[in-house]
Structure formats: structure tokens, C-alpha cells
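The next block holds one structure in the form of C-alpha cells; read it before the comments.
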Amino acid sequence: MKKKEFALGILCGAMLFSGATAMAAGITAEPTWQNIYVDGQQVAMTAYNIAGSNYVKLRDIGQQIGFNVYWLDGVQIDTDAPYTGVAPVQEADELPTIEEIRQEMILRINEVRRENGVPELVVNQSLMDAAQKCSAMLNTSHKNKEECLTVIACGYPHGFNCNLTAFTGVGMHRIAEKAVTNWVNSPGHFQTMIGADYDSLGVGVTIDNGRAFCYMMVGNPNAYNPYA
């Protein structure tokens, strides 16, 4: 994309908000009109005065210069796309399947283990089945007895530990990343992920009304299931 020159009559910052007058933390933003030029050509763009400095909306800059600005898990700037102000629509065949998300979770979990000096976990089909069944329960907190009985019913005979996370606001292409990041950022879940006593792994993902429910189960052949 060709970079364009962007000049304002006075020093300006960039911001995102709506309305003619915006207030935050007791600060008022009042509309002000300044000479604004793109590639030497004057353009119509409203600036806002806040405490003596002028700011313009980031989306207005995108519209004038020709890059897209939109909200999706935060402010997104796409310099290779024309301005629309909305997130691009993904075609159905571009979205990952649940099985692809589960496989990505496995790769990311083992990557975290490698980075922390512990062996990768081997995928265990019984734990995969149990984790998927538990995710389908749509739990937002652990149900120890249900989880233990599900693991037994799916054919895994040993002890295990598991992580659970549920969240919204993430597209399907980022579910695996978000789940593993949530566990990495939680000390207890992180220790489960990198535990040296575990040798096998199963993961489950269920999406219900835009909310993702993700499970990770790690097996310990030297431990026992209290409900076995």
C-alpha cells in the first residue's frame, strides 16, 4: 500500500469515540475545525480539542487515507484493505472446524510444554472423548464428580487433571489461542499444563450461542481416579 502524507494545522493525536462531544474521567472533548491535508490536498475532518491539544478519530484518518479501522477484540487496523469501518466477513469455508480448533489447541499446549522444558503429551483418544463430552456440558466451573465419571465412562483408567475456560468475543479462528493463553496466564492452570507427571492429553471445544467452552485433560498413569 502506498504511504500517504498526513498533515494537520496543529499537533494532533488519534482516538476512537463517537458523538459531537465526548467526556471521559471528567475531561471534555469539544469539536474544533483545523486545516487538515492528505497528500497536500485539504480534506474535511473534524478535530476535537482536549485540554489544549487536538485529536482526530482514528476511523476518520482511515477513511481519508484509505485503510480499514474496525473493532474485533480490540481496535484493528488493516492497511491493505479500503476503509469500511466494519470487520471483514469470513466465508464459511474459511472458518476452522471444531476438530481443527482441537488440533490447534494440542499443538499450542505442547508448544508451551516444550518452551518450559517438559516433554510433549501424547494424544489419548479416551481423554479426547472425555474432554469433548465435558465441554458439551457448558460448565463455567469444575464439576469434579461429573468430570471423573465422564473420564471413566470414556475408558481412561488412571488419574487426571483438567483445565476449563469459557469466554465470548473471539472468532473461531482464535479460540485455541485464547483458551491456551487464558491457561498460561492463570498460575494454577499453567502448572497443570506443564506438569511433569502427565504423559497424555485430551481437549474438547463446544460453542454455544457465541460462547466457547474449552477443556484440557492431562492423564497421569501413576495416579488414580477417586470414582473408579
Side-chain angles (χ1 to χ4, degrees), residues 72-77 94-208 210-228:
L72 181 64
D73 298 329
V75 178
Q76 304 287 338
I77 300 174
E94 294 180 351
L95 296 175
T97 65
I98 294 296
E99 289 308 310
E100 289 171 335
I101 295 172
R102 295 173 77 192
Q103 291 303 314
E104 183 183 348
M105 287 175 63
I106 291 168
L107 293 175
R108 289 181 176 274
I109 290 166
N110 276 328
E111 181 180 8
V112 172
R113 288 181 65 85
R114 288 196 306 273
E115 291 173 350
N116 287 273
V118 290
E120 293 186 13
L121 299 173
V122 176
V123 175
N124 180 281
Q125 189 58 50
S126 293
L127 290 177
M128 290 288 286
D129 293 342
Q132 187 60 31
K133 287 180 180 295
C134 283
S135 73
M137 296 175 186
L138 310 183
N139 293 329
T140 56
S141 61
H142 286 289
K143 310 294 183 183
N144 186 62
K145 184 176 181 179
E146 284 184 356
E147 292 164 350
C148 288
L149 292 175
T150 301
V151 167
I152 293 170
C154 289
Y156 187 75
H158 308 299
F160 70 100
N161 205 341
C162 62
N163 286 346
L164 162 65
T165 183
F167 48 84
T168 59
V170 172
M172 289 188 66
H173 61 291
R174 291 195 55 212
I175 287 176
E177 175 190 356
K178 176 66 173 177
V180 174
T181 298
N182 285 353
W183 294 328
V184 168
N185 291 336
S186 171
H189 294 90
F190 179 64
Q191 290 304 314
T192 296
M193 193 181 304
I194 65 170
D197 293 334
Y198 306 118
D199 69 351
S200 50
L201 172 66
V203 297
V205 178
T206 297
I207 301 171
D208 182 78
R211 192 173 195 181
F213 298 81
C214 302
Y215 259 89
M216 179 193 81
M217 289 186 168
V218 287
N220 183 348
N222 298 313
Y224 69 96
N225 188 318
Y227 292 90

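Just so you know, these numbers use all the heavy atoms, side chains as well, and skip hydrogens, waters and symmetry mates.
- By the ring pair (Phe, Tyr, Trp, His ring centres under 6.0 Å) test, Phe160 is found to be paired with no residue, residues two or more places apart in sequence or in another chain being considered.
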Would Glu99 and Arg102 count as a salt bridge (Lys or Arg N to Asp or Glu O under 4.0 Å) if you check the C-alpha gap in whole Å, the side-chain angles of each, and the deciding distance to 0.1 Å? CA-CA 5 Å; Glu99 289 308 310; Arg102 295 173 77 192; 2.9 Å; yes

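- Across every non-hydrogen atom of Val203 and Ala131, the tightest pair is C-CB, 3.4 Å.
- Here the OG atom belonging to Ser135 is positioned 9.5 Å from the CD1 atom belonging to Ile207, to the nearest 0.5 angstrom.
- Every residue two or more places apart in sequence or in another chain that forms a side-chain hydrogen bond (donor to acceptor under 3.5 Å, both in side chains) with Asp129 is listed here: Gln125.
- Val180 has its side chain out of reach of Glu104: every pair of non-hydrogen atoms, C-beta onward, lies at least 4.5 Å apart.
- Counting heavy atoms from C-beta on, the side chains of Thr206 and Leu138 come closer than 4.5 Å.
- Under the 4.5 Å side-chain criterion, counting only non-hydrogen atoms from C-beta, Glu100 is not in contact with Gln103.
- Take Glu115 and apply the salt bridge (charged side-chain N to carboxylate O under 4.0 Å, His left out) test, not counting sequence neighbours, and it matches no residue.
- Nearest approach of Gly219 to Pro221, heavy atoms of both residues: O-CD, 3.9 Å.
- Considering CZ of Phe213 and OG1 of Thr140, their distance stands at 7.0 Å, rounded to 0.5 Å.
- For the residue pair Thr165 and Asn182, a side-chain donor N or O sits within less than 3.5 Å of a side-chain acceptor on the partner.
- Side-chain contact between Phe190 and Asn185 is absent, with no heavy-atom pair separated by less than 4.5 Å.
- The structure places CE of Met217 at 7.5 Å from CG of Leu127, a figure rounded to the nearest 0.5 Å.
- For Phe167, the CZ atom is densely surrounded, since the number of other residues' heavy atoms within 6.0 Å is greater than 12.
- With hydrogens and angles disregarded, no donor-acceptor distance shorter than 3.5 Å links the side chain of Asp197 to the backbone of Asn220.
- Interatomic distance, CD of Glu177 versus CD1 of Ile101, reported as 12.0 Å (0.5 Å rounding).
- Counting heavy atoms from C-beta on, the side chains of Cys134 and Gln132 never come closer than 4.5 Å.
- Once rounded to the nearest 0.5 Å, the distance linking OH of Tyr215 with CE of Met137 reads 7.0 Å.
- Met105 approaches Ala179 most closely through the heavy-atom pair CE-CB, 4.4 Å.
- Here the side chain of Arg211 pairs no donor or acceptor atom with the backbone of Thr168 at under 3.5 angstrom.
- Side chain of Thr192 to main chain of Cys162: no donor-acceptor pair is present (N/O by atom type, distance under 3.5 Å, no hydrogens or angles).
- Atom CE of residue Met193 and atom CG of residue Asn161 lie 11.5 Å apart, to the nearest 0.5 angstrom.
- For the pair Leu121 and Tyr198, the tightest heavy-atom approach, listed with the atom from each and the gap, is CD2-O, 3.4 Å.
- The shortest side-chain heavy-atom distance between Glu147 and Thr150 does not fall under the 4.5 Å cut-off.
- Applying side chain to side chain contact (heavy atoms under 4.5 Å, CB included) to Ile194 and the options Val218, Val184, Ile109, Asn116 leaves one that passes, Asn116.
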